[in-house]
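In what follows, a structure is listed as structure tokens, so that the remarks can point back to it.
Index from 1, following the sequence. Just so you know, these numbers come straight off a predicted model, no measurement behind them.
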Amino acid sequence: MSSPRIGAGLRADPGVTIGYASGRGQGGALVLGAHARLRSGTVLYDGTRIGDRFETGHNVVVREDCVLGADVSVWSNAVIDYGCRLGDGVKVHANCYVAQFTELGDGAFLAPGVTIANDLYPGQESSARLMSGPWIGAGAQIGVNATILPYVRVGEGSLVGAGAVVSRDVEPGMVVYGNPAVAHGRVADLTEIEFRVASSGSASRYRLVRAANEP
């Protein structure tokens with residue numbers, strides 16, 4: 001197995017593994033761009049290419065055959081499974097699972113606890129052969145604990161609400177939530193955040209207030 005190719009300026013804690021051999025036998029050296037910051041427990045598999053300024057939290061796993069762009073961050077206890085594509089500036093928050101063969105466009109964001117699936121009929125051999133995660137477009141924002149099901153297309157700039165189960169395609173720029181998730185308007189029409197919150201004077205700095213256009 002070839003040695004990992006590591007760019008200049010790496011900062012890695014003790015307990016980081018760079019170039020872990022894949023049990024699937026996928027070859028090729030890990031390529032890690034310049035100025036990476038890797039925290040303890042991070043494991044990066046062979047056969048993956050990662051751009052400059054990659055940053056991880058603790059206990060992050062990035063499997064083989066992935067391609068990650070520049071300025072990607074993956075926070076604590078998140079897993080990027082094999083065969084994924086993450087564009088520039090993607091942010092994956094803590095406790096997320098990104099299933100095999102998922103694509104995240106430039107600037108996409110996964111909030112804590114997002115789960116991405118890739119097997120429509122678990123346990124069926126035919127489904128395993130056609131396994132594929134969703135495609136999540138550039139700038140899409142996926143809320144806390146949302147679940148995105150296989151084959152779904154989440155359009156650019158869309159917003160998926162907390163706890164949503166996305167089982168159908170989401171048009172670009174739409175706000176969706178619920179189980180199953182359905183559209184509830186456009187991101188461009190959302191009330192500005194300054195009109196939705198007020199100071200609370202506590203460690204939880206703001207509280208929600210009713211918007212002028214709410215019933």
Side-chain angles (χ1 to χ4, degrees), residues 17 20-26 28 30 41-51 54 56-69 72-156 158-170 176-181:
T17 301
Y20 189 89
S22 166
R24 298 171 58 239
Q26 303 299 110
L30 172 75
T42 294
V43 179
L44 307 180
Y45 276 58
D46 284 328
T48 277
R49 302 196 309 274
I50 301 174
F54 180 56
T56 67
H58 302 280
N59 304 315
V60 166
V61 175
V62 181
R63 290 281 303 273
E64 68 275 15
D65 295 333
C66 292
V67 178
L68 281 60
V72 170
S73 59
V74 181
W75 295 123
S76 297
N77 304 310
V79 175
I80 311 298
D81 222 323
Y82 62 79
C84 292
R85 302 290 180 268
L86 278 62
D88 295 340
V90 166
K91 298 186 185 304
V92 177
H93 219 299
N95 302 310
C96 290
Y97 175 69
V98 179
Q100 298 97 327
F101 311 117
T102 293
E103 182 162 349
L104 306 178
D106 294 347
F109 171 75
L110 306 185
V114 169
T115 298
I116 292 177
N118 65 357
D119 192 351
L120 193 63
Y121 302 136
Q124 292 193 12
E125 185 176 337
S126 57
S127 182
R129 290 197 303 270
L130 298 175
M131 190 166 56
S132 176
W135 176 91
I136 297 175
Q141 310 287 296
I142 313 300
V144 170
N145 290 329
T147 300
I148 315 296
L149 295 184
Y151 314 127
V152 165
R153 267 39 186 167
V154 177
E156 296 89 344
S158 56
L159 174 63
V160 175
V165 177
V166 181
S167 59
R168 294 290 185 268
D169 289 357
V170 177
V176 303
Y177 52 86
N179 181 4

Rounded at 0.5 Å granularity, tell me how far SG in Cys84 sits from CD in Glu64.
10.0 Å
Arg63 CZ to Leu44 CG distance, which is reported to the nearest 0.5 Å
12.5 Å
Work out which heavy atom in Ala111 is nearest to a heavy atom in Cys96; give both atom names and the distance.
O-SG, 3.1 Å
So, taking the atom named NE2 in His93 and the one named CH2 in Trp75, what distance separates them when rounded to the nearest 0.5 Å?
8.0 Å
Distance in Å, Asp46 CG paired with Ser22 OG, rounded so as to fall on 0.5 Å steps:
8.0 Å
Would a distance-only check, ignoring hydrogens and angles, find a side-chain to backbone donor-acceptor pair under 3.5 Å from Thr17 to Val43?
no
How about Tyr151: does its OH atom have over 12 heavy atoms from other parts shown lying under 6.0 Å from it?
yes
Any non-hydrogen side-chain atom of Tyr177 less than 4.5 Å from a side-chain atom of Leu159?
no
Report yes if some heavy atom in the side chain of Ile50 is under 4.5 Å from a heavy atom in the side chain of Val67; otherwise report no.
no
Is there side-chain contact between Pro112 and Asn95, with heavy atoms separated by less than 4.5 Å?
no
Side-chain heavy atoms of Leu110 within contact of Leu104, under 4.5 Å
yes
So do the side chains of Leu68 and Phe54 get within less than 4.5 Å of each other, counting heavy atoms only?
yes
Please list every donor-acceptor pair under 3.5 Å in which a side-chain atom of residues 121-134 meets a protein atom from a residue at least two apart or in another chain.
| unit_1 | atom_1 | unit_2 | atom_2 | d |
| --- | --- | --- | --- | --- |
| Ser127 | OG | Asp119 | OD1 | 2.4 |
| Ser127 | OG | Leu120 | N | 3.4 |
| Ser127 | OG | Tyr121 | N | 3.0 |

Of all heavy-atom pairs between Leu86 and Ile80, which one has the smallest distance, and what is that distance?
CD1-CG2, 4.1 Å
For Ala146 and Gly161, which heavy atoms make the closest approach, and how far apart are they?
CB-O, 4.0 Å
Spacing of OG belonging to Ser158 relative to CD1 belonging to Ile142, to within rounding of 0.5 Å:
5.5 Å
Any non-hydrogen side-chain atom of Val154 less than 4.5 Å from a side-chain atom of Val160?
yes
I'd like to know if the side chain of Thr115 pairs up with that of Thr147 as donor and acceptor (distance under 3.5 Å, no hydrogens or angles considered).
no
Step through the shown structure and confirm whether more than 12 heavy atoms of other residues, nucleotides or ligands are within 6.0 Å of CZ on Arg85.
yes
Can you list every ring pair (Phe, Tyr, Trp, His ring centres under 6.0 Å) pair that touches residues 97-120, not counting sequence neighbours?
Tyr82-Phe101
Kindly give the heavy-atom pair with the smallest separation between Ala108 and Gly137, and that separation in Å.
CB-O, 3.9 Å
Can any side-chain N or O of Thr48 pair as donor or acceptor with the backbone N or O of Asp65 at less than 3.5 Å?
yes
Is the closest side-chain heavy-atom distance between Leu149 and Val166 below 4.5 Å?
no
Kindly indicate whether the side chain of Asn145, heavy atoms from C-beta on, has any atom under 4.5 Å from the side chain of Val114.
no
At what distance, to the nearest 0.5 angstrom, does CG of Asn77 lie from NE2 of His58?
9.5 Å
What are the two closest heavy atoms between Ala99 and Ala117, and how far apart are they?
CB-C, 4.0 Å
Just by modelled atom types, is the Asp106 backbone N or O under 3.5 Å from a matching donor or acceptor in the Asp88 side chain?
no
Specify the closest pair of heavy atoms between Val92 and Ala78, including all atoms of both residues, with the distance to one decimal.
CG1-CB, 4.2 Å
